[in-house]
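For ligands, and for the atoms within them, numbers begin at 1 and follow the listed sequence. In this text the structure is predicted, and so the values were computed from the model without any measurement.
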Amino acid sequence: MELTNNTLQKFKHIKRETSDFVNIDPLQTAGILTPEAREAIHEWADGYSVCDFCTSTVDLIKKPPIKDFVHKALPSFLGIDEVRVTTGAREAKFAIMNSFRTENATILIDELAHYSTIVAAQRANFNIVKVPSSGYPKYKIDPEDYAKSIENIISDTKKPPTLALLTYPDGNYGNLQDAESIAKKCQEYDVPLILNCAYSVGRMPVNAKEIGADFIVASGHKSMASSGPIGLLGTSDQYSDIIFRKSPTNKNKEVEMLGCTARGTTIMTMMASFPTVVERVNNWGQEVNNARWFSLKLEDIGLKQVGDNPHNHDLLFFEAPILYDISQKAKGGRYFLYKELKSRSIHGVKPGLTKNFKLSTYGLDKEKLSYVADSFKEIIEKHT
Ligand SMILES: *Cc1c(COP(=O)(O)O)cnc(C)c1O
């Protein structure tokens, strides 16, 4: 590419088409910024401006009050002893796994685990074993199957897995498995458990100690109204020296954090949204009611909600044979649904999907949800 003035112009002044749409994109609904976070972006946008008064590492900065946030507020919020901010949930998972890296280490993960769990485990050179789910249509995981899988690993490798992980909830069906019982099974075999809470921390109350997990990871841009990429890594005291081990040469820098992690608007938006996030998790009951109500509305017009049903989370997965049939004849083919929704200022169903897709009801009131449900109805009626 020749870097002429003309070709460079297109990188400037880029507008976002969907910023005033009704948003049902599961990736985005709980990552929408609070007004305070938007203000923080302007205030702290200059590179390294959070580091004005840094004396060692970013998590220990007192002004702005990152130290209190990371070392006091976040451990209390997550119900865990030690927390660090990371670049995302995946980096948190990788940091934990990498800290336990050994020859022939195995990690036991749920079948519904996110791809980022898999690539993190591959990067840390783990063998991956999956705990099966009940499959279509419920995708439930029986805690007993964690015990069975651990037994199988012991008989195959002569030792239990190095780590176990549960996705809570998974990113496809929004299923909240019985984390407490799974944690108990892992404890029986002394296998440390990572809870992947990318889709829960910041939306609903989650407490690692109450569940019995050794580690918890979260995603700021997905569920904590933060401008990412940013995530959280929480660990119990038992493992904090391993995960947060210091460099032998650079004595105050933690190796797994590469010294310092989120050092800009990412942490400042997470902090600015935090008071709202602490409050909003208390509205979780209402969010679940809204999701169930919306699910019934779509089932009334011929869609089928897969996964836990009635559902316990705002992330909903639908099968829509009726929309698929329409796409076979409609103008625009399989893109017809995306286009119809877009023309109604609704963003969030992936372009090209009709047969099945996921969406999220998080943060939308009944009026907006009615609008979305009515739009689906109208689209179906228009084409049949
Ligand atoms: C979105 C998601 C992630 C990735 O989160 P990042 O913070 O972007 O790394 C991990 N796990 C699940 C289940 C997710 O849905």
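Salt bridge annotation for E378-R344: present, with a cationic side-chain nitrogen under 4.0 angstrom from a carboxylate oxygen.
Neither side chain, S134 nor K140, offers a donor N or O lying under 3.5 Å from an acceptor on the other. Using modelled atom types, one finds no donor on one side chain facing an acceptor on the other under 3.5 Å when comparing N283 with R280.
Residue H221 has at least one heavy-atom neighbour below 4.0 Å for each of these atoms of ligand 1: 6 (P), 7 (O), 8 (O). Each of the following atoms of ligand 1 lies closer than 4.0 Å to a heavy atom of A198: 2 (C), 3 (C), 10 (C), 11 (N), 12 (C), 14 (C). For ligand 1, the atoms sitting less than 4.0 Å from at least one non-hydrogen atom of K93 are 10 (C), 11 (N), numbered in the order shown with element in parentheses. The atoms of ligand 1 that sit less than 4.0 Å from any heavy atom of Y199 are 15 (O).
At a heavy-atom cutoff of 4.0 Å, ligand 1 is contacted by no atom of M224, backbone or side chain.
Nearest protein neighbour of atom 12 (C) of ligand 1, counting heavy atoms only, is H114 CG, 3.4 Å. Shortest contact from atom 1 (C) of ligand 1 to any protein heavy atom: K222 NZ, 1.3 Å. Nearest protein heavy-atom neighbour of atom 11 (N) of ligand 1: N196 ND2, 2.9 Å. Protein heavy atom at the shortest distance from atom 9 (O) of ligand 1 is R90 NE, 2.7 Å.
The side-chain contact (heavy atoms from CB on, under 4.5 Å) with L166 is formed by just one residue from the set I194, L195, L108, I211; it is L195.
Between F126 and F100, the distance separating the two ring centers is not shorter than 6.0 angstrom.
Between A89 and ligand 1, an N or O atom pair is found at a separation short of 3.5 Å. Remark: ligand 1 and T167 share no N or O pair separated by less than 3.5 Å (distance only, no angle test).
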Open item on the list: Is there a ring pair (Phe, Tyr, Trp, His ring centres under 6.0 Å) between W293 and H311? Walk through the geometry before answering.
Closed with: CA-CA 10 Å; W293 178 84; H311 209 54; over 10 Å; no
TODO: May I have the step-by-step check of side chain to side chain contact (heavy atoms under 4.5 Å, CB included) for F274 and F77, ending in yes or no?
DONE: CA-CA 10 Å; F274 186 66; F77 183 60; 3.8 Å; yes
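Judged by the 6.0 Å and 45° rule, K222 forms a cation-pi pair with Y199.
G231 does not count as a contact of ligand 1, since none of its heavy atoms falls under 4.0 Å from the ligand.
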